[in-house]
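Here the structure is laid out as structure tokens; the discussion comes afterwards.
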2 protein chains.
Amino acid sequence: MSQTKILLDEAEIPTHWYNVVADMPNPPAPPLGPDGKPIGPEALTAIFPMSLIEQEMSAQRWIEIPEKVREIYQLWRPSPMFRAHRLEAALGTPAKIYYKYEGVSPAGSHKPNTAVAQAYYNAEAGIKRIATETGAGQWGCSMALAGQMFGLDVRVYMVKVSYGQKPYRRSMMQAWGAEVFASPSMETHTGRAALAADPDNQGSLGLAISEAVEDAANRADTNYALGSVLNHVLLHQTVIGLEAKKQFEKVGDYPDMIFAPCGGGSNFGGAAFPFFADKAAGKNVRLVAVEPTSCPTLTRGHYAYDFGDTAKLTPMMLMYTLGHDFMPPGIHAGGLRYHGDSALVSQLYHEKLIEAVAVPQLATFQAGVTFARAEGIIPAPESNHAIAACIDEALRCKESGEAKTLFFNLSGHGHFDMGAYDSYFSGKLEDFAYPEEAIKAALERLPKVG
Amino acid sequence: MSQTKILLDEAEIPTHWYNVVADMPNPPAPPLGPDGKPIGPEALTAIFPMSLIEQEMSAQRWIEIPEKVREIYQLWRPSPMFRAHRLEAALGTPAKIYYKYEGVSPAGSHKPNTAVAQAYYNAEAGIKRIATETGAGQWGCSMALAGQMFGLDVRVYMVKVSYGQKPYRRSMMQAWGAEVFASPSMETHTGRAALAADPDNQGSLGLAISEAVEDAANRADTNYALGSVLNHVLLHQTVIGLEAKKQFEKVGDYPDMIFAPCGGGSNFGGAAFPFFADKAAGKNVRLVAVEPTSCPTLTRGHYAYDFGDTAKLTPMMLMYTLGHDFMPPGIHAGGLRYHGDSALVSQLYHEKLIEAVAVPQLATFQAGVTFARAEGIIPAPESNHAIAACIDEALRCKESGEAKTLFFNLSGHGHFDMGAYDSYFSGKLEDFAYPEEAIKAALERLPKVG
């Protein structure tokens, strides 16, 4: 029998996170305050502990993972890497395909990697309560789990349309002891204003972020936690790529190309950044961020300063953006429906050091079903984006006869997304294009800076 | 950091299944045909391949696992064993608690361990199609997955009430290419008769078994597959306990008591039988089957010959039974709602070589939430039964100061059962007692044998 799973011991859980800033050719562009000037650490102390603010601004290559965080990681890490023998055979490709499976976490995705770290640092700083938002529910679940592990109360503002459509995710957050409100809620000024303007407002991720930030800013015992986009979030996710590198070493292989879904960027950054260190040192490895054609931030957005949320409460970041008031179509990959992107991912893409590709929704589900029938695991719709791009490359290898080594991040399972698969099978799923006019319109609404 | 996960290499996947019959003090009582006489292998050839019939009747201690089955096992096996440090601390018990986690299979439970084996042997025998039934959906998903792996078409008769209530399980079966009908269906005589008598018939597991057996018996290209109860099913599940023994060896420990949920018996048999071998050799280990108070087959049923299904299509088995027409209350542990039990488990219980305990529904969910908040994983309602009994014992250890080693089978995750947790949190969940009158009534309806 040829090896399928490449496992590591608990002792091989990384001891340090990798900070890509140390290997970037140019320092990251600073976030800007409302006055258009770079903000300092003090601008963030109302909602984040100093330890995370320091990580957010750090250029240090390695940052130690606290032992208590590694202890919680032990509940599911190191995560397995698989050689996809059956998928390779089904495609008839000479390419070797590997995937890292992050769905083994109790919350079912890679998100707890940072949630646990954020809960730890907040608890250390004496914080008693975390306010956060969630769209499809993956991040809310992860924060609920992490809060429970470190004795923090967790308040989740869940986008109202998901609150109704995804009751199982809500029950899961409650199982881990979190308090869940449909957003817009009556709990914040932002929420009440939105409901006053439109009592039927179904919410959006940008609006839910605004509610959670307001909640955190107004209570001394409460901080805010974000599940992607920020530098410290991507930092924590690098355990994925760091483990994957060790796993490739074990089997004496190395990827030619790496594919990861890209919404806010933590999935991609977590899997790909540790390999960027090798690329910066001269190694030939291609890093491909995969996004939906319906929300094509990197491939069709503007590289400009913009806000992270609808209510303009966050600092402005230099990033690829479709405009902070862009409302992406209701695709099932909820985790990729974000108007902007990580500043680090954006800068690396702008400097042509990483690549990006956009995939239409139907093609992602087709890829997910091909994968499930070969490898068993039913992937999350977000993960299907990486699978689709990887399968495309494997089929190109079939044409060319190249035996490339391909690697993708299977960031989560699809157990809470079977309704989306149902729509796919019954022919109800649609592709959405992002219209040219929308790009122009977004440009006009970007904040004027400098 | 103290070790949390005890992992094995793929090379340590067992090469043989363990057959408990070899170590039982008395040979198993034979199944009986409609004439009340022991049936021979030929009575089963219409619905099972000869290889499985031989396993069903074998007394050989070790039966080799085909390499192609082990190759599919590699997709998730060996499954991890965990030391529940955080649960022990939460309970304040001196007991050491270990659990084996079978929720890592793509279908989310232990069921694929036998589904894969059954699909393999049927494919080897030239069978093209499998008909089976499913209640809550775990078995149907497992058979769909296994059929896909060996190129078999799979037809699942899904109890109608679950078909409506658990659409995600249905979509999952479809993702693996299976065809799913609500039972009673118009596809079989049994189904049409049930619908003619009551067009609103919501189905039952016994009725769905009858439909699947009829389907298989009437088509030469089709066989039947059962997810529990039968000897060969329990045999295949022994990979769980065999791996667990190796994992205990790795950490130099051994269980004083083993807890596993018990419905049809494959969950319990799979986890406990390999330890029974040690018990038969004189080792002091207690094996505890845990069932719901609402369907208390072992603890309050009759030890008698009875049918396995409502329509009396199956042979009669000597087992603990609540009567083949017993309709258990609609508890959320769907996998434990079976009127009978494995003949092997029944005989060992009757001979006082294993123990059984019944737990009320609310207590099982309380235990599941305690577990989830300590260890992260949200368990399936079936698994919560084992957890509840194990926690009870851990708390007795706290009283007595005994540092016992406790082990339970965490047979699956609860991702498709969050609605049940929701009912629990909202106070809608009920306990059901099994009334004394029902026991007497069942006795009167048992088939007259001999």
Side-chain angles (χ1 to χ4, degrees), chain A residues 1-11 13 67-68 70-78 80 82 85-86 103-108 112 145 148-149 167-172 174-177 368-369 372-378 413-426, chain B residues 1-11 13 67-68 70-78 80 82 85-86 103-108 112 145 148-149 167-172 174-177 368-369 372-378 413-426:
Chain A
M1 303 195 298
S2 38
Q3 190 176 6
T4 295
K5 293 189 300 302
I6 302 130
L7 303 178
L8 301 175
D9 288 334
E10 289 181 342
I13 292 175
E67 177 150 332
K68 285 188 176 174
R70 297 178 72 224
E71 272 176 15
I72 302 297
Y73 280 173
Q74 281 181 290
L75 293 174
W76 71 93
R77 306 210 70 85
F82 288 75
H85 294 293
R86 293 178 52 87
V104 292
S105 81
L145 169 71
Q148 180 65 41
M149 296 289 151
Y168 284 10
R169 279 284 184 198
R170 175 161 48 81
S171 312
M172 210 165 178
Q174 289 166 337
W176 287 315
V369 171
R373 292 187 177 177
E375 297 287 318
I377 299 165
I378 298 181
H413 59 63
H415 300 171
F416 296 94
D417 306 284
M418 293 315 301
Y421 280 91
D422 205 23
S423 301
Y424 171 69
F425 288 123
S426 58
Chain B
M1 301 195 299
S2 38
Q3 189 176 6
T4 294
K5 291 189 301 301
I6 303 132
L7 302 178
L8 300 175
D9 287 335
E10 289 181 344
I13 292 175
E67 176 150 335
K68 285 189 177 173
R70 297 177 73 224
E71 272 176 15
I72 303 296
Y73 280 174
Q74 283 181 292
L75 293 173
W76 71 91
R77 303 209 72 84
F82 289 75
H85 294 293
R86 293 178 52 87
V104 292
S105 81
L145 169 71
Q148 180 64 43
M149 296 291 152
Y168 284 8
R169 279 283 184 198
R170 176 163 46 82
S171 311
M172 210 165 178
Q174 289 166 337
W176 287 315
V369 171
R373 291 186 178 176
E375 297 287 318
I377 299 165
I378 298 181
H413 59 63
H415 299 170
F416 296 93
D417 306 284
M418 294 315 302
Y421 280 91
D422 206 21
S423 300
Y424 172 69
F425 287 124
S426 58

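The analysis underlying the following values was restricted to heavy atoms, covering all of them including side chains, and did not include hydrogens, waters or symmetry mates. In this text the structure is predicted, and so the values were computed from the model without any measurement. Letters go in sequence order (proteins before strands), and every chain restarts at 1.
- Neither the backbone nor the side chain of I6(A) comes within less than 4.5 Å of any heavy atom in chain B.
- With a threshold of 4.5 angstrom between heavy atoms, R70(A) approaches chain B through its backbone and through its side chain.
- Between chain A and the residues Q148(B), M172(B), Q3(B), K5(B), the largest count of heavy-atom pairs under 4.5 Å involves K5(B).
- Among Q174(B), R170(B), R86(B), the residue with the largest count of heavy-atom pairs under 4.5 Å with chain A is R86(B).
- In this structure, CH2 in W76(B) is found 6.0 Å from CG in L145(B), a value given to the nearest 0.5 Å.
- For an aromatic pair to be called close, the ring centres must be under 6.0 Å apart, and Y168(A) with H415(B) fails this.
- Proximity of F425(B) to S171(A): side-chain heavy atoms (C-beta onward) are nowhere separated by under 4.5 Å.
- Heavy-atom distances place no part of S426(B) under 4.5 Å from chain A, backbone and side chain included.
- Contacts of L75(A) with chain B are made by both backbone and side-chain atoms, with heavy-atom separations under 4.5 Å.
- Note that the CD atom of E71(B) and the OG1 atom of T4(A) stand 7.5 Å from one another [nearest 0.5 Å].
- Residue H85(A): no heavy atom, backbone or side chain, is found under 4.5 Å from chain B.
- Looking at A11(B), neither its backbone nor its side chain comes within 4.5 Å of chain A, counting heavy atoms on both sides.
- Proximity to chain A (any heavy atom under 4.5 Å) is shown, for F416(B), by both the backbone and the side chain.
- I378(B) has its side chain within reach of M418(B): a pair of non-hydrogen atoms, C-beta onward, lies under 4.5 Å apart.
- For S105(A), no part lies under 4.5 angstrom from a heavy atom of chain B.
- With values rounded to the nearest 0.5 angstrom, F82(B) atom CZ is found 8.0 Å from L7(B) atom CG.
- No side-chain donor-acceptor contact under 3.5 Å links W176(A) to the backbone of R373(B).
- Interface remark: I72(A) contributes side-chain atoms only to the contact with chain B (heavy atom separation under 4.5 Å).
- Remark: the backbone N or O of P78(A) is not paired with any side-chain donor or acceptor of E10(A) at under 3.5 angstrom.
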